[in-house]
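The structure under discussion appears below in the form of structure tokens.
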Amino acid sequence: MAKFNILIAGNNDPISSIGIDLLKAEPSFDVTVNMNLKAEDAMVEASREAHAIIVRSGAKVTAKVLDAAKNLKVVGRAGVGVDNIDIPYASKRGVVVMNTPGGNTVSTAEHAFGLMMSLSRKVPQAHASVIGGKWERKNFQGAELNKKTLAVLGMGRIGTEFAKRAQAFGMTVVAYDPYLSANRAEMLKVELRDNLDDAVKDADFITMHMPLTPETKHMLNETRLRLCKKGVRVINCARGGLVDDNALAKLLEEGHVGGAALDVYEVEPPPADYALLKAPNVVFTPHLGASTEEAQESVGIEIAEQVKENLLHGTVVNAVNMPNVDPKTLAEIGPFLRFGEILGRLISQIAPQRAEFLRVNYSGNLGKMDTTLVSRGVLKGYLERPIGADQVNLINAVGTAENLGLRFTESRVPEPTEFSDLIEVEVGSGENKAVISGSFFGGDPRIVKINGRRVEATPEGTLLLLENDDRPGMIGAYGTILGKHQVNIANMSLSRNVEGGTALTLLTLDSTPPQAVIQELEKIPGVKRVYCMELE
Ligand SMILES: NC(=O)c1ccc[n+]([C@@H]2O[C@H](COP(=O)([O-])OP(=O)(O)OC[C@H]3O[C@@H](n4cnc5c(N)ncnc54)[C@H](O)[C@@H]3O)[C@@H](O)[C@H]2O)c1
Ligand SMILES: O=C(O)[C@H](O)COP(=O)(O)O
């Protein structure tokens, strides 16, 4: 039985023991837990034998780690943010990266809401004062949330939960999220603003709930903070870097920003001389949004299940770098996926050089299915020869094609052609292209057309495609040469445009003829082209 090594890696940020136990119960898994992996070198050493690595936000899965972990198949993130994992490099290496969206939503929304309440009523400062033996009631006058305006930036899972709680507290909620539909905003009873400046300028409180991307970095910078009402309070429980921490510290000192509550920082942990640590009216927590028993149990179990199913059955759930494939879909598309790869491999051997496009067109039953992965299979099969079979996989195939300038598209129509299922692959540039079509006869794959000509061949062995003048004696000439070299013909399919025109002969061979035999075939008078196509 194949053994899989699973590394639960952390930097003092443990994963739920229920999740770990679930993995340990699987006889084919060898589970190692190491929570002292702050340094990259330590992470590299710990990862060498791993087939799967599971992390929270503390341990970093860098390119160096991904390179060292030669057996790695999957990285699981017990949580939402995947900014501690080098996703582009993982994709390049063919490693699936999965997270567990949703498992910590309520905990994080509650924490962010708690921070807003602590901020508005100065709870931490008042607490410290009482602990210090003081009774300074007049210093800690706060503000009600009732009737205040809240701007929620990022109305995804956590932003939505936050907004619901704010509405229950009598706040008016405006939202900014370029991906939120007007219908959804109406359903959530929030005022949707198209423009970020419009969303923040009248707000008494601003809360951030989106990922850190080049687009969202320093979304709240000095200019935008100055645009806000004097006394505005800012809550960030999403990602450090969404707010420019230095600008925030400056405006807090000036009193333009009335307060800030932060769970996340541009640098974590913030160094002792971090300007914000000395700013007035701030509430800090050390990235605790998801740190509840409930959230940890939920994301710990979810990621353990996802990684287990991936290693054992190839199931892909909540992947951030490839389409999801649940067991039902996998069972459904499995045969098409394998056939797609074969069609890709075949067409790579007859397509024009320096192709500019690869199109996969589905019709009939296949046109009704989610064939995203099948198309990736076609692309993988096509790229394997030029790129190297161990370099290209279902995860990096699209990126690899883009790098080569190969335009990859797919189309689907539910109406059947003369076949109930058809996959058609076209590769070329301009009008110069090759086309191979495949179908299924009683569940078995068949190549049914080549360059628009009807043929019929089972995709097995070696295929020899010959284009010749349609005239007597051609088949005999092929058979004689192949027979002389002990190459057995298993199957033959003939097709011609018109009598005496051009004919296509597709032979299935039991062995691959040497190059010298191909050259001999090419020399037969009337032969225009010979392609020897290997399936493996
Ligand atoms: N502090 C913590 O411990 C903690 C815990 C969980 C999640 N998080 C972080 O909170 C954030 C939100 O998590 P989620 O589960 O709600 O994610 P989500 O994907 O459900 O929501 C993110 C939302 O941000 C929106 N968005 C994307 N780009 C935007 C832009 N330029 N402007 C405005 N909105 C934009 C998206 O449309 C989406 O609706 C993530 O960054 C996650 O890592 C932090
Ligand atoms: O993105 C997340 O899920 C949060 O930042 C929580 O991270 P943690 O699980 O490492 O606390």
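Both ligands and their constituent atoms are indexed starting at 1 by order of listing. These figures come from a predicted structure and were not determined experimentally.
Note: no N/O pair closer than 3.5 Å links Ser291 and ligand 2 by distance alone. Between His287 and ligand 2, at least one N/O pair is under 3.5 Å apart. For the pair Val80 and ligand 2, the shortest N or O to N or O distance falls below 3.5 Å.
The aromatic rings of His51 and Phe4 stand perpendicular to each other, their planes meeting at an angle above 60°, with 30° marking the opposite boundary.
More than 12 heavy atoms of other residues, nucleotides or ligands lie within 6.0 Å of CD in Glu294, so this atom counts as buried by the packing criterion. Heavy atoms from other residues, nucleotides or ligands lying under 6.0 Å from NZ of Lys189 number 12 at most. Other residues, nucleotides and ligands place no more than 12 heavy atoms under 6.0 Å from the NZ atom of Lys73. Atom NE2 of His313 sits in a crowded spot, with more than 12 heavy atoms from other residues, nucleotides or ligands closer than 6.0 Å.
Residue contact check: Gly81 has heavy atoms under 4.0 Å from atoms 1 (O), 2 (C), 3 (O) of ligand 2. Heavy-atom proximity to Ala78, at under 4.0 Å, picks out these atoms of ligand 2: 9 (O). The atoms of ligand 2 that sit less than 4.0 Å from any heavy atom of Gly79 are 3 (O).
Looking at atom 10 (O) of ligand 2, its nearest protein heavy atom turns out to be Ser57 OG, 2.5 Å. Protein heavy atom in closest approach to atom 2 (C) of ligand 2: Arg77 NH2, 3.1 Å. Scanning the protein for heavy atoms near atom 11 (O) of ligand 2, the closest one is Arg56 NH2, 2.9 Å.
A heavy-atom separation below 4.0 Å is not found between Ala295 and ligand 2.
In Val264, neither the side chain nor the backbone holds a heavy atom less than 4.0 Å from any atom of ligand 2. Counting heavy atoms under 4.0 Å from ligand 2, residue Ala290 touches it through the side chain alone.
With salt bridges taken as basic N to acidic carboxylate O contacts below 4.0 Å, none links Glu144 and Lys148. Using a cut-off of 4.0 Å between Lys/Arg side-chain N and Asp/Glu carboxylate O, Glu410 and Arg412 are scored as salt-bridged.
The minimum heavy-atom distance linking Trp135 with Arg137 is given by the pair NE1-CD, 3.4 Å.
Using modelled atom types, one side-chain atom of Asn5 and one backbone atom of Glu49 make a donor-acceptor pair closer than 3.5 Å. Side-chain atoms of Arg376 come within 3.5 Å of backbone atoms of Leu394 as a donor-acceptor pair (strictly under, hydrogens ignored).
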In a simple table, one pair per line, please give the protein and ligand 1 atom names for every N or O pair closer than 3.5 Å, along with the distance.
| residue | atom | partner | partner atom | Å |
| --- | --- | --- | --- | --- |
| ligand 1 | 1 (N) | Cys237 | O | 2.9 |
| ligand 1 | 1 (N) | Asp263 | OD2 | 2.9 |
| ligand 1 | 3 (O) | His287 | NE2 | 3.4 |
| ligand 1 | 3 (O) | Gly289 | N | 3.3 |
| ligand 1 | 3 (O) | Ala290 | N | 3.4 |
| ligand 1 | 15 (O) | Arg157 | NE | 3.1 |
| ligand 1 | 15 (O) | Arg157 | NH2 | 3.1 |
| ligand 1 | 16 (O) | Arg157 | N | 3.4 |
| ligand 1 | 16 (O) | Ile158 | N | 2.9 |
| ligand 1 | 17 (O) | Arg157 | NH2 | 3.4 |
| ligand 1 | 20 (O) | Arg157 | N | 2.9 |
| ligand 1 | 20 (O) | Arg157 | NE | 3.3 |
| ligand 1 | 20 (O) | Arg157 | NH2 | 3.4 |
| ligand 1 | 37 (O) | Asp177 | OD1 | 2.8 |
| ligand 1 | 37 (O) | Asp177 | OD2 | 3.1 |
| ligand 1 | 39 (O) | Gly156 | N | 3.3 |
| ligand 1 | 39 (O) | Asp177 | OD2 | 2.6 |
| ligand 1 | 41 (O) | Met210 | O | 3.1 |
| ligand 1 | 43 (O) | Gly81 | N | 3.4 |
| ligand 1 | 43 (O) | Arg239 | NH2 | 3.4 |

Check the pair Phe408 / Phe357 against ring pair (Phe, Tyr, Trp, His ring centres under 6.0 Å), numbers first and verdict last.
CA-CA 6 Å; Phe408 164 61; Phe357 63 80; over 10 Å; no
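Within the structure, every pair that satisfies the salt bridge (Lys or Arg N to Asp or Glu O under 4.0 Å) test and touches residues 254-265, not counting sequence neighbours, is listed here: Arg226-Glu254.
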